[in-house]
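Below is one structure, written out as structure tokens; the observations come after it.
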Amino acid sequence: MDNKPVILNHPLIQHKLSFLRDKNTGAKEFREMIAEIAMLMCYEGTRDLGMEEIEVETPIARTHTKVIAGRKLAAVPILRAGLGMVDGILNLIPAAKVGHIGIYRDPETFRPVEYYCKLPADIQERDVILLDPMLATGGSAIDAVNLIKERGVTSIKFMCIIAAPEGLRALITAHPDVRIYCAALDEKLDEHNYIVPGLGDAGDRIFGTK
Ligand code: PRP
Ligand code: URA
């Protein structure tokens, strides 16, 4: 399978991303923009959904037309910041079930620490879209994918807004079967493993905690 990350450089996504990066953007606008970007990413990232033909009757004639078919979807945000992307996905796929994985980065070691995992009971029958705006070292995403795979899931897409090259490499190495979508591939990580230029701490900016 071609596992090259997909960089979604649609002008609407890039325009909104510029506002996210701006440190003067407040929590309300930041939240709205994260949800809008997630919706646009969902639109782009679901081009490969299976379809089947059905027959309907228009007011004029009977015709063959297409609807989405195949496996159902689950959206799984990595708490906290991934929560900001959920509404954008549900706006387009209201029937998706939502699971939650709680992981934070230890501030000293930068290693991921899991504290919560609640996934739909039938998740192994679903295609999963894993959500987190930031892919930095990759530790959180790798652990989240491990948790989802342990439940028998075989089809996972990871959608992030900004990725660092280090995290991208780590995630591709650990999970070559996971299709990665991002809006931007940034330059590098700094000495605190923050993405440069990035947008700062996504969770704090969404929830106004700093
Ligand atoms: C952030 C972000 C990712 C993680 C990325 O979460 O939302 O989950 O860091 O870093 P990594 O790729 O190096 O693992 P954070 O740990 O700040 O938790 P929060 O969302 O609860 O603030
Ligand atoms: N988590 C964030 O929220 N931002 C970063 O730049 C890195 C990890």
Side-chain angles (χ1 to χ4, degrees), residues 3 5 7 16-27 29-38 41-42 75-89 98-119 128-149 156-176 178-210:
N3 73 344
I7 304 194
K16 290 173 193 297
L17 177 56
S18 300
F19 287 94
L20 277 192
R21 289 191 190 276
D22 187 338
K23 67 176 186 185
N24 296 313
T25 299
E29 288 75 25
F30 192 88
R31 266 196 303 273
E32 288 168 357
M33 218 74 79
I34 288 260
E36 286 172 17
I37 292 175
M41 293 185 76
C42 179
V76 178
I78 301 177
L79 310 181
R80 293 174 299 164
L83 282 175
M85 299 174 76
V86 174
D87 281 354
I89 306 296
V98 181
H100 295 87
I101 293 179
I103 295 179
Y104 70 89
R105 279 200 325 183
D106 182 292
E108 306 286 316
T109 64
F110 305 113
R111 293 299 306 150
V113 181
E114 293 160 31
Y115 60 91
Y116 189 74
C117 182
K118 180 84 179 171
L119 300 171
V128 169
I129 303 178
L130 180 62
L131 304 166
D132 193 325
M134 309 304 278
L135 179 68
T137 65
S140 305
I142 291 169
D143 271 21
V145 173
N146 284 337
L147 285 170
I148 293 167
K149 284 187 175 175
I156 303 173
K157 289 175 178 171
F158 177 67
M159 285 189 191
C160 62
I161 296 181
I162 302 183
E166 295 87 334
L168 212 45
R169 270 195 301 273
L171 181 55
I172 291 170
T173 304
H175 295 293
V178 171
R179 194 85 204 246
I180 304 170
Y181 298 83
C182 63
L185 175 56
D186 274 11
E187 206 181 307
K188 60 178 183 183
L189 296 175
D190 70 8
E191 65 277 22
H192 305 292
N193 282 331
Y194 272 88
I195 301 175
V196 181
L199 50 72
D201 188 304
D204 284 339
R205 294 196 64 188
I206 291 172
F207 297 108
T209 36
K210 235 176 219 159

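Read the numbers this way: they start at 1 and go in the same order the structure lists the ligands and their atoms.
Contact check for Glu166 versus Lys188: side-chain heavy atoms found under the 4.5 Å cut-off. Side-chain contact check for Phe158 versus Val145: every heavy-atom pair is 4.5 Å or farther apart. Using a 4.5 Å heavy-atom cutoff, the side chains of Ile101 and Leu119 are in contact. The closest side-chain heavy-atom distance from Pro133 to Ile34 is below 4.5 Å. Within the 4.5 Å cutoff, the side chain of Arg80 has heavy atoms near those of the Asp204 side chain.
Of the candidates Gly138, Ala81, Ser140, it is Ser140 that places a heavy atom closest to atom 14 (O) of ligand 1. Comparing Thr137, Ile142, Leu168 by heavy-atom distance to atom 11 (P) of ligand 1, the nearest is Thr137.
Side chain to side chain, Thr25 and Arg205 fail the donor-acceptor criterion of an N or O pair below 3.5 Å.
Here the protein heavy atom with the shortest distance to atom 17 (O) of ligand 1 is Asp201 OD2, 3.8 Å. For atom 5 (C) of ligand 1, the closest non-hydrogen atom on the protein side is Met134 O, 3.6 Å. Atom 6 (O) of ligand 1 has its closest protein heavy atom at Ile103 O, 4.9 Å. In terms of protein heavy-atom proximity, atom 15 (P) of ligand 1 is nearest to Arg105 N, 4.2 Å.
Not a single protein heavy atom sits closer than 4.0 Å to atom 1 (C) of ligand 1. Under the 4.0 Å distance rule, the nearest protein heavy atom to atom 8 (O) of ligand 1 falls inside the cut-off.
Counting heavy atoms of neighbouring residues, nucleotides and ligands inside a 6.0 Å radius, atom CZ of Phe207 exceeds 12 of them.
In this structure, Asp132 is part of the shell of residues with a heavy atom less than 4.0 angstrom from ligand 1.
The residues lining ligand 2, counting any heavy atom closer than 4.0 Å, are Arg105, Met134, Ala136, Asn193, Tyr194, Ile195, Gly200, Asp201, Ala202.
Residue-to-ligand polar distances place Arg80 within reach of ligand 1: an N/O pair is separated by less than 3.5 Å. Checked against a 3.5 angstrom limit, the closest N/O atoms of Phe110 and ligand 1 fall outside it. Looking at ligand 1, you won't find any N or O of Ala202 less than 3.5 Å from one of its N or O atoms.
Of the candidates Ile129, Ile78, Leu131, Leu130, Met85 forms a side chain to side chain contact (heavy atoms under 4.5 Å, CB included) with just one, namely Leu131.
Smallest separation of non-hydrogen atoms from Ile195 and Met134: CD1-CE, 3.8 Å.
Shown here are the ring-ring contact (aromatic ring centres under 6.0 Å, His included) partners of Tyr194, two or more places apart in sequence or in another chain: there are none.
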* To do: Might you work through the salt bridge (Lys or Arg N to Asp or Glu O under 4.0 Å) test for Arg105 and Asp201, ending with a clear yes or no?
  => CA-CA 11 Å; Arg105 279 200 325 183; Asp201 188 304; over 6 Å; no

* **Check against side-chain hydrogen bond (donor to acceptor under 3.5 Å, both in side chains), Asn193 and Thr137** => CA-CA 7 Å; Asn193 282 331; Thr137 65; 5.7 Å; no

